[in-house]
Amino acid sequence: MKPAEQPHAQIPRVSIEKREAALLAPYAFHSADSRGRKHPEPPHPYRGPFQRDRDRIVHSAAYRRLSSKTQVFTGELGDYHRTRLTHTHEVASISRTLARALALNEDLVEALALVHDLGHPPFGHAGEDTLDECLRDEGGFSHNLHALRIVELLEKRYPNFPGLNLSLEVLEGQQTRTAKGTLPSPLLEVQVVEAADSVAYNTHDADDALELGLVTLDEMLSTALWAGAGRRVKSRYRALEPDELRRAVLHELIDWQVGDLLEQTSQRIEKRGIDSTAAVRDAGMVVAPSQDIGQQKKELERFLHQHVYRHPNVLAHRERAQQFLRQMFDYFVGNPGKLPKSFVARAEQMGVRRSVGDYVAGMTDRYLEREYARLVPPQTAVG
Ligand code: MG
């Protein structure tokens, strides 16, 4: 065996442990307490464990493919709206703001944010529902669980193990997304990402829907959350053009919700005397909006469901996407020899349907459409 070359021992650095001891709150998760990885690896000479996790996620194929996966609106509707990748960036950005202000572990938060939607199949929730039906007898399909399959099994980046071999805390954080409301409570780093996800999608789905003309600014301003933001913006500026007003309200919505989360969270931390991660585990949900904002967000979500997610234009695309996906699934179940080699091998271990599900879930919207046109005979294809 070749002797391992020396790592860069001369690099001057402040140890991650020292840096975190100086900067993080006692209720934050410190890297020194990490339970490590399933396949043990020596520490990196100058990156902490969660920095490595973040980098592994960013360099994965599944992460790059998020750029061509639907958030809510498919690519053919235009190029203004969010993709699954830009949504992920917004969540990571809001999560880091929250984490820094609360003196939590930003590296862990960032890794959790970047992995949170990694398991989304093509065509967003429409795709997820279809795959769930296709795999009903095999235990179904959920994007949260699929993210774990990707990082533990499907990504091939390292010679010694399958997947990305992420820290156990990142895997556990993603796991809690599938079993909400259970004890022990998730780390505050996990709770922050959950809250940031909701701030991000509530705000950007409305913005995208406005740009696409599915709703009007006046309709959005009829919801309490938007009305409050509109009032505060108008009191601060001269008369604004509708487009200026819309952009100012969007900034205000994020700022207001993040400010509310920080205020409420610090109060709960103080009131419940949370002074360690052990106390976090017994404390229930700590990172949550005030009751007022919580109710206003629920109203906004109902509004978005009714006027945006169920809009006839969105539903027509949804139906077409589901037919694509279902026919592709059936095609590969009928022709498992056409799967890439590694999926053929896994089909033998875990069954054809699950392996086909893994393959189809990994496709981007664009790739699925292209493969569909190539493989599905025109007489059976959807128009
Ligand atoms: Mg998300």
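In what follows, every heavy atom counts, from backbone to side chain, and hydrogens, waters and symmetry copies are set aside. Whatever order the structure lists them in is the order used to number ligands and atoms, beginning at 1. Because the structure is a prediction, the values reported are computed rather than measured. Just so you know, residue 1 is the first one in the sequence shown, and it goes up from there.
- For the Mg ion (ligand 1), the set of protein N/O/S atoms nearer than 2.8 Å consists of H87 NE2, H116 NE2, D117 OD2, D197 OD1, ordered by chain and number.
- Checked against ring-ring contact (aromatic ring centres under 6.0 Å, His included), H311 has no partners two or more places apart in sequence or in another chain.
- Residues satisfying the ring-ring contact (aromatic ring centres under 6.0 Å, His included) criterion with Y158, sequence neighbours excluded, are F161.
- Partners of D197 by salt bridge (charged side-chain N to carboxylate O under 4.0 Å, His left out), not counting sequence neighbours, listed by chain and number: R177.
- Side-chain contact, D365 with T70: a donor N or O sits under 3.5 Å from an acceptor N or O.
- S290 and D260 share a side-chain donor-acceptor pair at under 3.5 Å.
- By the 6.0 Å and 45° rule, R346 stacks over the aromatic ring of F343.
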